[in-house]
Amino acid sequence: MKKLLLYISVFISIITTSCLKDLTNMDLIEVDPIIIDTSGVAPSFIVYQLDSMKINLSITHGSSNLSSLKYKWTMNAYGGYEHIVGTTKDLMYKITEAPSTTSYMLIFTVTDTLTNLKAFFSWYVTVNAIFGEGLIVADTKDGINSDLNLIMANNFNSAKADSIPKIFYELYSVNNGSKINGLVKSLAFMNYNNVKYVTILTNNSILKIDPISYKLKLKDNELFILPPAAINPGMVQSIQLTNQHEYIVNNGKIHHRFGQNVLYGYTYLFDQTDYICEKVCGLQQPSGPAGNLYDEKNNRFLLLPSMTSSSNPLVAYPIVDNSVPTPAFDPKNMGDKTCLNLEEGQNKRIVAVMKTRDLPQYYVYQIIGTNPVNGKMGYSVHDISNNTDIAQSKFYTGSTAENVLFYATDTKIYSSTLLVDGTNVTNLRYTVANGEKITGMKMHIRNGTMFLPSLTAPDDYSQRRSFASANRLVVISTYNETSKTGKIITIPIETLGVGGLVIDPAYMRTFSGFGKITAFNFQGA
Amino acid sequence: MFSACQKEEIMLYEDDPGIYFTLPTYSYSFTENAGAQTKTIYLPVKLSGSIKDYDRVFDIEAVYDDKTTVTNAIFEIKQGVVPKNSFDGSVAVVLKRNTTVDTSIVNLNVKLIGSNELKPQMAKTLQVSWTGKIIQPVNWNWLRYYFGTPFSTGWYTFILREAGVSSLPYSGTLSKTDPVTWWMSSGQLIAYALKVKEALIKYNALHPGDELKHNDGTYVGQIVTMPAF
């Protein structure tokens, strides 16, 4: 019985003890929260390699002393990449991350060393190559040697939202120790699976440079699988929208490279008869023939073979089929004409500006560029011989978004609508400033944005509309002989269908600081 | 009962590796290197069986039958090797040059002897031919895709002259065992073929009615044509 009482008393004492209110976890000290104030700081960043990135933040820690806080800034990426880029409250960091289409995550961590309390904030950071999307501008300051410059501005760079352009001058000479010998006449950028090159043509040399470093990589014969009989460059064109490839005219012949092949193959052949080519036009997104060229020797157009082939021959246009609907002309037989410009137009048509060799007769021929390839490829002919100042025209371009030809003289840009009935309406669209002369004109066809006036409040710039600049932005280069300075001027097409260039100068952009510009073209990402 | 429980070793597959020639003939012309007095060729063999993590050697020997027209004064046979971790091997034969070689085609029949580790199998013999004259190169089985199947010495002379080379060392198979000799890429061969095609077009345009024809061999008299490639 005594034992039983002992057990009961022990049990009761245990029960009693276990029912005691545990007050130990109520003995807390309130910790001041760490608050990261990001007001005024962008939610994400687009930066360029080697850019300096600055972020100033305001940190509060209640009534506690900030001296107990420890800071850490890290750049993070998929796969466990973590790079500590700062250990102070404010970030001041020169970007060394590799350019990537996938954003990095910049993480800011504040730790209270007394309590181990942490606070975080993060931003997406897109790192672009230092020499990213833009417009490559070739210029000369002595009329003998050339240099390359790069304009990175929203007109030519989809990632660059701000209005302040970034212009890199004299990129070639800075990175290679000397200028390009000769004047650049044509250039093209091509990127296939991040194998990127810019091809530069002078009158007697072909150069390939790396657009990441702007260093010269290959030159002349090194660029061909078999060295051609002579280096006599004509023009270069890259096809960047699909199955990236490139055409180069050398010594009157077409060479081609496709994909990651850096070297040009042997010249395209044409069975039976020889050809001499000065102008070629590859279609950016072919859905039939890859494009065509004009054979100056035999006054005819020839079809390019498959865009992926370096060995198939050029193909003759089929014998003209004059049954109804009658084609406008026979691409096999163009008469005594030379080709002044060959460029992709609306609905994959190829637009050729032609001139009778010894007469002031000017024409615009449009050739159907899609299947089926038959005897009805001659789409339209426009006689533009009577167009204002056409005899003084030097540069030609057009957009795939409208059926209009732009032509430029030394000082003026005209639009000429190519109406279905064969007539055309010409309008003066732009005149350069006094003392300046146009040295080049080209439609921008790649990434970028531009602004146009609001439809309801055209005088209010704050209500401007934003558009993609591809095939909507005419780019010209001008030169002032007195001041020896050159400019790039971009002029948006406000009214599509008639080549209506914007009139309000607020919507045009001018990039200056160049010598005489001899060639320009886009640089892709 | 106890005997019924006796342990019996499991029969495992035992490899019986062998080698065989991958070509019935191998030809070489000193026109490829006019100044050379010797040329080392590598006759390819293929392994039948498992690869090993060490090199295995084998031998071949000359067969002095009625097809062999040379003495051992103008050739030298080396020991063959199937390298470790490879199904492809080769055996070197040094071909030498003399007046007979320069003015005719000499032949040597060789036979696989093998070794303790590599037994000769299937294609055990191969005929080596060499000369100082133009002959059908051993890689014509690859060149024919670009220059056409019909071969003649006149056509091959035209090819080499217009290409501006003494040989077109492209072979998708021989390059596996002798990449030094067969160094040319398909892209380079296509470029040379186009250069020759351009020359053929010009030649025929300049000789209407008298286009380039095969001058000897099975296709003598036939107009030379090149395939699309």
Side-chain angles (χ1 to χ4, degrees), chain A residues 192 195 206 208 218 220-231 245-277 290 293 295 297-298 302-316, chain B residues 32 139-140 142-149 155-156 158-172 175 179 182-213 222-229:
Chain A
Y192 182 86
V195 177
I206 306 169
K208 258 196 168 36
L218 295 165
D220 296 340
N221 286 344
E222 296 168 350
L223 291 164
F224 295 86
I225 291 177
L226 286 184
I231 298 293
H245 55 288
E246 192 176 271
Y247 299 104
I248 188 168
V249 178
N250 181 62
N251 215 24
K253 297 289 186 288
I254 298 286
H255 297 258
H256 165 272
R257 73 182 184 98
F258 171 70
Q260 286 177 293
N261 296 314
V262 176
L263 303 185
Y264 298 107
Y266 198 73
T267 175
Y268 278 140
L269 302 181
F270 183 64
D271 287 340
Q272 311 308 323
T273 50
D274 199 8
Y275 68 93
I276 295 175
C277 168
L293 62 84
D295 174 6
K297 184 177 180 181
N298 300 288
L302 295 172
L303 287 157
L304 295 171
S306 160
M307 63 187 125
T308 59
S309 170
S310 284
S311 57
N312 288 342
L314 298 166
V315 180
Chain B
E32 293 186 11
N139 64 331
W140 189 257
W142 288 94
L143 301 186
R144 67 193 175 97
Y145 294 114
Y146 305 92
F147 299 101
T149 298
W155 173 221
Y156 194 49
F158 183 94
I159 291 169
L160 296 180
R161 185 181 67 234
E162 296 302 333
V165 296
S166 59
S167 66
L168 292 164
Y170 171 77
S171 172
S175 60
W182 306 100
W183 55 267
M184 187 173 276
S185 70
S186 60
Q188 289 169 312
L189 182 63
I190 287 171
Y192 279 116
L194 287 170
K195 191 176 181 185
V196 172
K197 193 171 197 174
E198 184 180 35
L200 180 64
I201 291 169
K202 283 181 182 168
Y203 179 92
N204 289 340
L206 288 171
H207 300 84
D210 187 23
E211 292 83 359
L212 188 68
K213 297 182 180 68
Q222 186 173 310
I223 291 176
V224 171
T225 57
M226 290 179 70
F229 49 86

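By convention in this document, chain letters (A, B, ...) are assigned in the order of the sequence lines, proteins followed by strands, and residues within each chain are numbered from 1.
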Any side-chain heavy-atom pair of Leu226(A) and Tyr192(B) under 4.5 Å: yes
Closest approach of Ser311(A) to Leu194(B) (non-hydrogen atoms, all atoms of both residues): O-CD2, 3.5 Å
Atom CZ of Phe229(B) with >12 non-hydrogen neighbours under 6.0 angstrom: yes
Residue pair Ile201(B) / Phe270(A): nearest heavy atoms and the distance that separates them: CD1-O, 4.2 Å
Counterpart residues, ring pair (Phe, Tyr, Trp, His ring centres under 6.0 Å), relative to Tyr275(A) (two or more places apart): none
For the student: nearest non-hydrogen atoms of Gln188(B) and Ile225(A), plus distance: CA-CG2, 3.6 Å
Flag side-chain contact, heavy atom, 4.5 Å: Tyr266(A) against Lys197(B): no
